[in-house]
Amino acid sequence: MLLMGSVLGFGFYLWPLSWQIFFNEQVVFSNYAIAFFTVAFCTMFLRYHKDNCRLYKLSISFLALLFSLSLISFFMLEYHSSKIFFAIMVPLYILCICMIYKKLVSGFRWAKFYVMSWVPLIVGAAIQPLELTGFIPYSFAVRHIFLVAILCEIVLMAMALADRVRYQREKALYHATHTQQTELLNQAMLKQAYMAITSEHRLANLCLVKIEQFNALMSILKPSQSSQIIITVAQSLEHQINKNRQFINLESALDNSPKVADLGNGVLAFISTKIQSQAELHQELSNLCKQLPKQYKVAGLDLQLYYRYSITEPVNDDGFDIWLQRGYLGLSQKQHNIDFTTPHIDMDVSLAAELQQAMRSNTLAIYLQPIINLRNGTICGAEALLRWPTAGKYLDIEQLILLAERTGLINELSLWVIDQACLAAAQLNRQGYREHTISVNLSAKNLAIPKLVEKVENTILKHGITADQLKFELTEFALIKNHDEMVSFISELNKLGSKVVLDDFGTGYSSLNYLVNYSFSTIKVDKSFILDLVNNTTNQVVVKTAIDMAHNLDMNITIEGIEDQETEKMLIKMGADQGQGYYYSKAVPINEYLSFIASQFK
């Protein structure tokens with residue numbers, strides 16, 4: 001208004017004559033003021049003050065320059081100060097265009113009207129000085145072109161502001177209905193779909209699919225990596241259920257009509273409205289899970305992915321929250337006795353990748369710790385223990401196993417150990433020790449290995465050993481988590497000819513029950529009862545009772561943790577069958593073990 005009132009003369013009708021004369025004399029200052037606020041508005045409207053980037057710092061410096069030049073214009077002749085002003089317009093336009101361009105390429109779709117508002121401003125701002133300096137002849141249109149340009153700019157600027165408000169509302173709605181990390185539909189959309197179904201008095205089943213051990217994976221993966229796993233699995237699940245109309249759309253406004261919601265922590269949800277038996281739906285979800293990605297490659301590591309699911313019906317209109325809560329309960333019931341005391345380990349995915357590479361290049365190793373027949377003092381077998389001799393830093397073997405479990409490598413690692421144990425047994429056979437056995441530890445997670453017993457049998461045949469040369473040690477924790485599966489698994493191993501050992505006997509809660517229900521050939525007493533056996537009468541009673549009980553049940557018994565001759569003599573007197581511990585030997589590589597066993601048989 002000041003600039004137009006001065007240039008076009010209508011300021012005489014708006015303010016006192018003295019003001020108008022002052023504004024006429026300081027017309028260059030008015031131009032600087034417009035330039036200053038143009039750059040300031042451009043910076044703030046495009047949210048550069050949120051970014052604090054180089055362009056923001058440059059715009060602040062340029063604003064300081066404009067402010068300084070505007071003050072200097074008070075003390076210069078208009079002819080000279082106007083030349084400086086027109087010269088400064090070149091970097092001004094370059095700066096603003098750079099700021100606009102950067103935001104446009106980054107996806108600021110709401111800035112289109114703001115970009116358009118610059119067109120009349122640039123045209124008008126270019127024509128007016130040309131007319132004032134005599135390059136363009138005077139006419140009414142030329143004289144007022146800048147006024148028209150400003151009016152057009154104001155209209156377009158208002159549209160830009162309205163568009164930004166609309167965009168921010170859409171963005172707020174998007175964030176309210178989508179997860180920030182994966183940009184998948186969230187629990188709010190699942191609830192909305194539930195409310196729509198119940199309002200129509202229709203029945204619906206809530207289907208939840210969880211990525212096993214996802215929280216453990218999050219502890220070693222970057223947030224972006226773990227989010228990408230969820231996105232990959234969700235896309236696979238979406239692709240499958242899109243083929244089936246029984247699974248409803250959670251958001252019908254979009255073209256892709258997504259059906260899967262991300263509930264966080266590796267849990268995906270969708271809704272089935274088909275009237276069918278629970279058994280049929282369970283079978284359908286089981287088939288869906290089988291089609292989901294089994295591996296995910298990240299930072300050189302092939303993560304093994306496993307899934308579990310739950311199905312929940314609404315009961316007596318119990319509401320969405322209760323419905324969802326029962327779905328989570330169904331998921332938790334799939335995994336019993338979760339160990340919440342697992343120690344924290346400072347590991348990353350690169351170490352897991354190194355572990356996987358070590359397996360595939362055989363730079364891992366198994367060491368053998370001898371098991372002694374206490375009746376005659378001869379070596380009757382050995383336990384295969386995992387080692388990583390070339391690891392760059394010391395890594396506790398329990399942490400190594402925990403890392404394998406968290407990254408899904410535990411099954412590949414267990415199959416590798418079985419293969420190496422059979423290879424060691426084959427080497428012993430070639431040296432003439434055909435009665436020698438090798439014991440391998442298995443965990444509850446190993447039951448997820450498809451056709452495990454068949455793979456064990458193939459490995460035995462591959463190395464040309466007999467099944468009775470291979471023993472498997474299972475802890476009570478493994479039995480607690482998978483009772484029915486373990487009964488079947490141990491029965492299959494016995495049919496194959498391999499023996500099964502109950503490891504860490506006495507440390508669990510239901511050991512006697514396991515001795516009755518499982519076909520163990522041997523029980524192994526945990527070393528915690530042996531380390532102070534000579535001086536601890538209570539432990540002596542426990543160990544003697546275990547030995548007698550094992551013999552009465554027609555089982556052998558192995559004692560771990562023997563570290564001195566006095567303990568050995570006491571165990572022999574009690575009637576123990578086998579012993580194992582540092583008194584005989586620590587776990588050693590296969591070559592050292594062959595030398596050790598050869599010296600025992602001289």
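Contact annotation: the side chain of I460 approaches that of L496 to within less than 4.5 Å [non-hydrogen atoms, C-beta and beyond]. With a 4.5 Å cut-off on side-chain heavy atoms, V453 and L493 count as touching. C422 is listed as a side-chain neighbour of L470, based on a closest heavy-atom distance under 4.5 Å. Side-chain contact between L474 and V501 is absent, with no heavy atoms from C-beta onward closer than 4.5 Å. Within the 4.5 Å cutoff, side-chain heavy atoms of L364 are placed close to those of L355. Annotation: side chain of L428 is not in contact with side chain of Q431 (no heavy-atom distance under 4.5 Å). For the pair Q578/I372, no side-chain contact is recorded, criterion being any heavy-atom separation below 4.5 Å from C-beta on. Inter-residue side-chain proximity for I371 and I379 is flagged as unmet; no heavy-atom pair is nearer than 4.5 Å.
Note that CG of L452 and CZ of F489 are 4.5 Å apart. Values are rounded to the nearest 0.5 Å. The distance from atom OG of S521 to atom CG of N494, rounded to the nearest 0.5 Å, is 7.5 Å. L208 contributes atom CG, which lies 4.0 Å from atom CG of L206 (distance to the nearest 0.5 angstrom). Here CZ of F247 is found 11.0 Å from CD1 of I271. Values are rounded to the nearest 0.5 Å. Taking OH from Y307 and OG from S286, the interatomic distance works out to 13.5 Å, rounded to the nearest 0.5 Å. Taken from NZ in K524 to CG in D503, the straight-line distance is 5.5 Å, to the nearest 0.5 Å.
At distances below 3.5 Å, not a single donor-acceptor pair connects side-chain atoms of E454 with backbone N or O atoms of K451. In this structure, R326 contributes its side chain and E313 its backbone to a donor-acceptor pair below 3.5 Å. A donor-acceptor pair is defined here as one N or O able to donate and one able to accept, closer than 3.5 Å; no such pair exists between the side chain of Q369 and the backbone of V588. Side chain of T182 to backbone of T179: no donor-acceptor contact under 3.5 angstrom is found. With hydrogens and angles disregarded, a donor-acceptor distance shorter than 3.5 Å links the side chain of E280 to the backbone of S277. Checking side-chain atoms of K544 against main-chain N and O of M574 turns up a donor-acceptor pair under 3.5 Å. At least one donor-acceptor pair closer than 3.5 Å links the side chain of R308 to the backbone N or O of L331.
Between the side chains of S414 and N411, no donor N or O sits under 3.5 Å from an acceptor N or O. Judged by distance alone, the side chains of H551 and D577 do bring a donor and an acceptor atom under 3.5 Å apart. No donor-acceptor contact under 3.5 angstrom links the side chains of N536 and Q540, judged on distance only. Side chains of S491 and S488: no donor on one and acceptor on the other come within 3.5 Å. Donor-acceptor pairing under 3.5 Å is lacking for the side chains of D262 and Q181.
Sparse packing is recorded around NZ of K569, with 12 or fewer heavy atoms of other residues, nucleotides or ligands lying under 6.0 Å away. Heavy-atom contacts from other residues, nucleotides or ligands closer than 6.0 Å to CG of D554 number 12 or fewer. Remark: K222 NZ is loosely packed, at most 12 non-hydrogen atoms of other residues, nucleotides or ligands lying under 6.0 Å away. More than 12 heavy atoms of other shown residues, nucleotides or ligands fall within 6.0 angstrom of atom CZ in R360. Heavy atoms from other residues, nucleotides or ligands lying under 6.0 Å from CG of L203 number 12 at most.
Residues W388 and A358 come closest through the heavy atom pair NE1-CB, 3.8 Å. Heavy-atom minimum distance, A204 versus W323: O-CZ2, 3.8 Å. Counting all heavy atoms, side chain and backbone alike, F520 lies closest to M555 at O-CG, 3.7 Å. Nearest approach of N441 to A384, heavy atoms of both residues: ND2-O, 3.9 Å. Closest approach of L531 and G561 over heavy atoms only: CD2-O, 3.7 Å. A pairwise comparison of heavy atoms in I562 and G579 identifies CD1-CA, 3.6 Å as the closest pair.
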### Test log, rule side-chain contact (heavy atoms from CB on, under 4.5 Å), inputs I557 and T522
CA-CA 5 Å; I557 189 163; T522 305; 5.6 Å; no
### Task
Take L368 and I438, measure what side-chain contact (heavy atoms from CB on, under 4.5 Å) needs, and give me the verdict at the end.
CA-CA 8 Å; L368 300 179; I438 302 289; 4.1 Å; yes
### Query
Does the side-chain hydrogen bond (donor to acceptor under 3.5 Å, both in side chains) test come out yes or no for T545 and D548, once each step is laid out?
CA-CA 5 Å; T545 302; D548 293 340; over 6 Å; no
### Query
What do the steps show when you test Q469 against T466 for side-chain hydrogen bond (donor to acceptor under 3.5 Å, both in side chains), and what is the final call?
CA-CA 6 Å; Q469 289 182 270; T466 57; 3.2 Å; yes
### Message
As a quick check of understanding, evaluate salt bridge (charged side-chain N to carboxylate O under 4.0 Å, His left out) for K573 and E568, giving each step before the final call.
### Response
CA-CA 9 Å; K573 186 177 179 180; E568 181 194 47; over 6 Å; no
### Task
With side-chain contact (heavy atoms from CB on, under 4.5 Å) as the test, would you mind laying out the steps for L305 and Q295 before giving the verdict?
CA-CA 6 Å; L305 300 181; Q295 286 188 331; over 6 Å; no
### Task
Begin from the C-alpha positions of S498 and D468 and carry the test side-chain contact (heavy atoms from CB on, under 4.5 Å) through to its verdict.
CA-CA 5 Å; S498 295; D468 60 358; over 6 Å; no
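Legend: residues meeting side-chain contact (heavy atoms from CB on, under 4.5 Å) with N535, ordered by chain and number and at least two apart, are D532. Taking the side-chain contact (heavy atoms from CB on, under 4.5 Å) definition, one finds that Q246 meets it with N244, S272, K274, Q276, L281, E284, sequence neighbours left out. Not counting sequence neighbours, the partners of A365 by the side-chain contact (heavy atoms from CB on, under 4.5 Å) test are Y367, P389. Residues passing the ring pair (Phe, Tyr, Trp, His ring centres under 6.0 Å) test with H463, sequence neighbours excluded: none. With sequence neighbours excluded, no residue forms a ring pair (Phe, Tyr, Trp, His ring centres under 6.0 Å) with F472. Take Q240 and apply the side-chain contact (heavy atoms from CB on, under 4.5 Å) test, not counting sequence neighbours, and it matches S236, L288, Q291, L292.
Residues K259 and E238 are not paired through a salt bridge, judged by the lack of any N-O separation under 4.0 Å between the basic side chain and the carboxylate. One finds no salt bridge joining K499 and E473 here, because no Lys/Arg side-chain nitrogen approaches an Asp/Glu carboxylate oxygen to under 4.0 Å.
Tested against V260, the residues L237, L185, L184 include a single side chain to side chain contact (heavy atoms under 4.5 Å, CB included) partner, L237.
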